[in-house]
Protein chains: 2
Amino acid sequence: MSKFSATQRRLAAIATVLPPGATPEGSRGVILGEALRLFAEHGYGGASIRDIAKLAGIKGASVYSHYPSKAHVLAELIRIGHEEHLRRIRSALLAASPEPRLQLIAVVRAHVLAHADYPMLAVVSNAELHALPSEFAAPILELRRQSELLLLEVIRRGESLGAFKVADTELALLAIGAMGLRVAHWYTPELDKTPEQIADAYGDFACRIVGAMN
Amino acid sequence: MSKFSATQRRLAAIATVLPPGATPEGSRGVILGEALRLFAEHGYGGASIRDIAKLAGIKGASVYSHYPSKAHVLAELIRIGHEEHLRRIRSALLAASPEPRLQLIAVVRAHVLAHADYPMLAVVSNAELHALPSEFAAPILELRRQSELLLLEVIRRGESLGAFKVADTELALLAIGAMGLRVAHWYTPELDKTPEQIADAYGDFACRIVGAMN
DNA sequence: ATCGTAGGCTAACGATCGTTCGTATGTCAA
DNA sequence: TTGACATACGAACGATCGTTAGCCTACGAT
């Protein structure tokens, strides 16, 4: 383990943890939470099983009573992160008025809020995806594809209804996605902006990018 | 080293290498280039000195004839990445007409092109910054601050001249920066979009975000 | 002609890695 | 009361890590 704290160069918040419904109880949950902290701060390769175990109050060998390998721990974290992300976008879209502009705002707000509410989970889900053994990657990438598809469909619908004016749909999609992704790296509760304010601003940015009339 | 290729989950391009002026000659340069490839694909912790040496055609111990440590190799890569980035933004701004809108387009274009021209360097400079020992980090973070400041000043000047209408300057800055950052993760020369097209589109997006009149 | 240096090499160091093994302890159902 | 199961443990495995030491060789300058 490194002798320096590099948190500030990776994510700003030491905020709490995992989505309520998704966290297992007992040691399984504690291991998951502490692994998340360490993976977010030092990366998958920079955090050892023994480091995780120590924070969880057990010994390294005991981790294997709960998870078959270190990769399984990472896989579960990334799965939780992507499922929470998709779940939020889905329900936001379901609750939104059918106007294209309001749909876009709803999706972008959900996207941003997911990254501000669980910054560590978002950082690990995105930045450590490359460390995930390929046998675990397929279902994750499918979740990712579905989230992206929802945003894409909202933009396309807005275009075909004449509500949006986009030069390049795909680039707009990528740009809007990227804006939100990055929030996890700098958001902290100590900021003078609430997640709501950020979500509102980014929703507005997205509307401007796609040329949404209002 | 892992037994799977995770390139697609981290960056799309296997493009070539380092900025022309910045690459040392001889083994020093070869080591730097191969280290960049491996750090981009597997992360700093996922690439060993022996892996780098093997690709460079030498043995692990010989790396230490050229660099005092693995961290020094990473530090040099990240320094090159950030210096190239700042250099491009500076010169783009210097060559731009003084109209705020054109200045913003120039800076965003330079930002995007830096990430599309050297995707591996950009990925390592951003995603592996947290792996850099803190004694190396300070000058890097200063470069980063300067690049950010240039964009911020362009936006602020546009606002005060009444050319831009931004609700939250800081959020606009972060959003525009994030858009460009992410390009390095998906751009590949095999795409049906040239870096120029992407830069143009993103320049336009940035103008829309800050409400630049045209 | 010689010598210093640059840049390779093999070998090995101690540390740490993910993981396995065998065992002990506590809890709860039969 | 017994026995099975879940959860913890210490110890150790082989592999790999970053790094160092010592040696060899080719070559350019004196």
Side-chain angles (χ1 to χ4, degrees), chain A residues 1-4 6 23-39 41-78 124 128 130-137, chain B residues 1-4 6 23-39 41-78 124 128 130-137:
Chain A
M1 177 73 81
S2 58
K3 28 195 171 322
F4 56 90
T23 316
E25 47 188 31
S27 285
R28 255 187 90 89
V30 177
I31 291 169
L32 212 57
E34 301 303 332
L36 174 56
R37 248 185 264 279
L38 287 174
F39 291 164
E41 199 165 322
H42 305 290
Y44 179 72
S48 74
I49 288 281
R50 290 174 178 84
D51 292 330
I52 298 167
K54 176 165 288 184
L55 286 187
I58 58 177
K59 301 296 178 180
S62 306
V63 171
Y64 291 85
S65 298
H66 302 279
Y67 294 95
S69 78
K70 188 187 175 189
H72 280 80
V73 177
L74 177 64
E76 177 132 344
L77 283 171
I78 297 187
V124 169
E128 303 300 331
H130 75 106
L132 200 64
S134 46
E135 59 265 28
F136 295 98
Chain B
M1 176 74 84
S2 58
K3 27 199 172 314
F4 56 89
T23 316
E25 46 187 30
S27 286
R28 255 187 90 89
V30 177
I31 291 169
L32 213 56
E34 302 303 332
L36 174 56
R37 247 186 264 280
L38 288 174
F39 290 164
E41 201 167 320
H42 305 290
Y44 178 73
S48 74
I49 287 280
R50 289 172 178 86
D51 293 330
I52 298 167
K54 176 165 286 183
L55 286 187
I58 58 178
K59 301 297 177 179
S62 305
V63 171
Y64 292 85
S65 298
H66 302 280
Y67 294 94
S69 79
K70 189 187 175 190
H72 281 81
V73 178
L74 177 64
E76 177 132 344
L77 284 171
I78 297 187
V124 170
E128 303 300 332
H130 74 106
L132 199 63
S134 47
E135 59 264 31
F136 295 98

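Heavy atoms only: backbone and side chains are in, while hydrogens, waters and symmetry mates are out. A note on names: the letters A, B, ... follow the listed sequences, proteins ahead of strands, and every chain is numbered from 1.
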In this structure, how many angstroms lie between the C1' atom of D:dA6 and the OH atom of A:Tyr67, rounded? 15 Å

Heavy-atom closest pair (A:Val124 atom, A:Leu36 atom, distance to 0.1 Å) is CG2-CD1, 3.7 Å

To the nearest angstrom, how far is A:His42 atom NE2 from C:dT16 atom P? 15 Å

Are B:Ile49 and B:Tyr64 close enough that some pair of their side-chain heavy atoms sits under 4.5 Å apart? yes

Could you list, one pair per line, each protein nitrogen or oxygen that sits under 3.5 Å from a nitrogen or oxygen of nucleotides 4-8 of chain C, together with the distance?
unit_1: C:dG8; atom_1: OP1; unit_2: B:Ser27; atom_2: OG; d: 2.5
unit_1: C:dG8; atom_1: OP2; unit_2: B:His66; atom_2: NE2; d: 2.8

Would you mind reading off the bend of the helix from C:dA1-D:dT30 to C:dA30-D:dT1 from its two end axes, five pairs each, to 10 degrees? 0°

Of all the heavy-atom pairs spanning A:Glu41 and B:His130, show the shortest one and how long it is. O-ND1, 3.6 Å

Quickly work out the B:Tyr64 OH to D:dG22 P distance and round it to whole Å. 18 Å

Contacts under 3.5 Å, N or O only, protein and nucleotides 12-14 of chain C:
unit_1: C:dA12; atom_1: N6; unit_2: B:Arg50; atom_2: NH2; d: 3.2

With a 3.5 Å cut-off and sequence neighbours excluded, list the donor-acceptor pairs that the side chains of residues 26-35 of chain A form with protein atoms.
unit_1: A:Arg28; atom_1: NH1; unit_2: A:His66; atom_2: O; d: 2.8
unit_1: A:Glu34; atom_1: OE1; unit_2: A:Arg37; atom_2: NE; d: 3.3

Sorted by chain and residue number, the ring pair (Phe, Tyr, Trp, His ring centres under 6.0 Å) partners of A:Phe136 (sequence neighbours excluded) come out as A:His72

From the options C:dC17, C:dT19, C:dA11, select the nucleotide whose nearest atom is closest to the side chain of A:Ser48. C:dC17

When you measure from the side chain of A:Ser134 to the backbone of A:Ala137, do you find a donor-acceptor pair of N or O atoms at a distance under 3.5 Å? no

Can you list, pair by pair, the side-chain donor-acceptor contacts under 3.5 Å of residues 53-63 of chain A, counting residues two or more places apart and other chains?
none

I need the OH-P distance between A:Tyr44 and C:dC17, as an integer number of Å. 13 Å

Expressed in angstrom and rounded to an integer, what is the separation of A:Asp51 atom CG from C:dA15 atom P? 17 Å

Protein-nucleotide distance (A:Leu38, atom CG; C:dG18, atom C1'), rounded to Å: 16 Å

If I compare all heavy atoms of A:Tyr67 with all of A:Glu76, which pair ends up nearest, and what's the gap? CE2-OE1, 4.0 Å

From the list C:dG18, D:dG18, C:dC9, which nucleotide is the closest neighbour of the side chain of A:Ile49? C:dG18

Supply the atom-to-atom distance A:Ile52 CD1 to A:Lys70 NZ, rounded to the nearest 0.5 angstrom. 6.0 Å

